[in-house]
Amino acid sequence: AGVTYNTDEWMQVGWLHSGGVIYPIKNGVIETGAASGNTSGLTGTLLMGSDYAPTNFMAGTIGEALIYNRVLMATEVQQIYQATKKKYIG
């Protein structure tokens, strides 16, 4: 599961994990997921903006980071996108 993007363009990116599947979210739209397996026993550090090493960093900024302890409904994802978009691009 990946997200395509254009450089120099604002976008909202997220990930939704439910039932052993991880779904990318781009600009408020939940896209096709990929199997991730059971992640309930994972431990370690959560990294944002870099790979697992961390040696490769993204070329950009993270405006906001949100983490929820439940699965969001598609309508909630779209509402967050619309509210966030207004902050950055009107």
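Counting begins at 1 with the first residue of the sequence. Quick note: numbers below take in every heavy atom, side chains included, and nothing from hydrogens, waters or symmetry partners.
Other residues sharing the hydrophobic cluster of Leu42, ordered by chain and number and joined by side-chain separations under 4.5 Å: none, the residue standing alone.
In terms of heavy atoms, Pro24 sits closest to Thr32 at CD-O, 3.4 Å. Here the closest non-hydrogen pair linking Ile30 and Tyr23 is CG2-CB, 3.8 Å. Listed here is the closest heavy atom pair of Leu16 and Leu72: CD1-O, 3.7 Å. Between Met73 and Glu76 the shortest heavy-atom distance is N-OE1, 2.7 Å.
With sequence neighbours excluded, the residues satisfying side-chain contact (heavy atoms from CB on, under 4.5 Å) with Ile67 are Leu46, Met48. For Ser18, there are no side-chain hydrogen bond (donor to acceptor under 3.5 Å, both in side chains) partners at least two apart in sequence or on another chain. For the salt bridge (charged side-chain N to carboxylate O under 4.0 Å, His left out) test, no residue two or more places apart in sequence or in another chain qualifies with Glu9. Residues passing the side-chain hydrogen bond (donor to acceptor under 3.5 Å, both in side chains) test with Gln82 are Gln78, sequence neighbours excluded. Partners of Asn38 by side-chain hydrogen bond (donor to acceptor under 3.5 Å, both in side chains), not counting sequence neighbours, listed by chain and number: Ser40.
Applying the 6.0 Å contact sphere to CE of Met58 captures more than 12 heavy atoms from other residues, nucleotides or ligands.
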- Task: Using the side-chain contact (heavy atoms from CB on, under 4.5 Å) rule, take Ile25 and Val13 through it: C-alpha gap first, then chi angles, then the decisive distance, then the call.
- Result: CA-CA 5 Å; Ile25 302 169; Val13 177; over 6 Å; no
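Residues Lys85 and Gln12 form no side-chain contact, since every pair of their non-hydrogen atoms from C-beta on lies 4.5 Å or further apart.
Linking ILVMFWY residues whenever their side-chain heavy atoms come closer than 4.5 Å, directly or via other members, places Val21 and Val77 in the same cluster. At a threshold of 4.5 Å between side-chain heavy atoms, the hydrophobic network of Ile, Leu, Val, Met, Phe, Trp and Tyr places Tyr81 and Tyr88 in one connected group.
Put simply, CH2 on Trp15 and OG on Ser36 are 11.0 Å apart, with the number rounded to the nearest 0.5 Å. To the nearest 0.5 Å, the span separating CG on Asn27 from OG1 on Thr84 amounts to 10.5 Å. To the nearest 0.5 Å, the span separating CD on Glu64 from NZ on Lys87 amounts to 3.5 Å.
In this structure, the side chain of Lys26 does not engage the main chain of Met11 through any donor-acceptor pair within 3.5 Å.
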